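Both counts, for ligands and for their atoms, begin at 1 and track the order of listing. Along the sequence shown, residues carry numbers from 1. Please read all numbers here as calculations on a predicted model, not as lab measurements.
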Amino acid sequence: MFPTGSTGLPNGTSAVLADVSADESELYFQRCRWCNTIAFQRLLCPTCGSTDLAPELSTGEGVISVRRGVSAAQSDLWPVHMAEGFVVRCRVDGPPHAVRPGVRVRLAQDPVVPGRRPVVRLCEEATIDTWY
Ligand SMILES: [Zn+2]
């Protein structure tokens with residue numbers, strides 16, 4: 001028989017929690033180091049032409065913006081005005097009648113693949129106004 005529960009060692013191994021944020025989708029935008037202009041997937045700063053664009057992590061929250069001239073093949077693509085002030089064309093995952101400009105959306109959990117459109121979902125809870 002071995003004695004149990006009296007090793008005296010700190011219980012450190014189980015305290016190492018995995019960083020689960022790696023499983024969540026992350027959307028990076030760019031901020032110009034020279035003039036602070038915010039851009040998305042640009043090679044040059046749209047304002048000053050600098051190539052010194054620093055990646056920053058977006059909160060993934062935004063509002064669907066107005067679109068025009070959309071082909072049927074792009075019917076689920078909408079420009080989304082993100083909280084940080086840049087606009088991304090996203091695939092909006094939601095019922096077509098509910099997807100319209102002004103609706104709040106949030107980045108879906110699907111991984112953001114470079115070259116593919118990010119996927120956003122409707123923020124249903126955000127559309128409910130609670131008055132006290
Ligand atoms: Zn700039």
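When all heavy atoms of R42 and L53 are compared, the closest pair comes out as O-CD1, 3.5 Å.
Among protein atoms, those of element N, O or S found less than 2.8 Å away from the Zn ion (ligand 1) are C32 SG, C35 SG, C45 SG, C48 SG.
Distance alone, capped at 3.5 Å, places no donor-acceptor pair between the R89 side chain and the P118 backbone. At least one donor-acceptor pair under 3.5 Å links the side chain of Q30 to the backbone N or O of Q41. Proximity of a side-chain donor or acceptor of E84 to a complementary backbone N or O of T59 within less than 3.5 Å is detected.
Applying the ring pair (Phe, Tyr, Trp, His ring centres under 6.0 Å) definition to pairs two or more places apart or across chains, those involving residues 78-107 are F29-F86, F40-F86.
Proximity of V105 to C123: side-chain heavy atoms (C-beta onward) are nowhere separated by under 4.5 Å.
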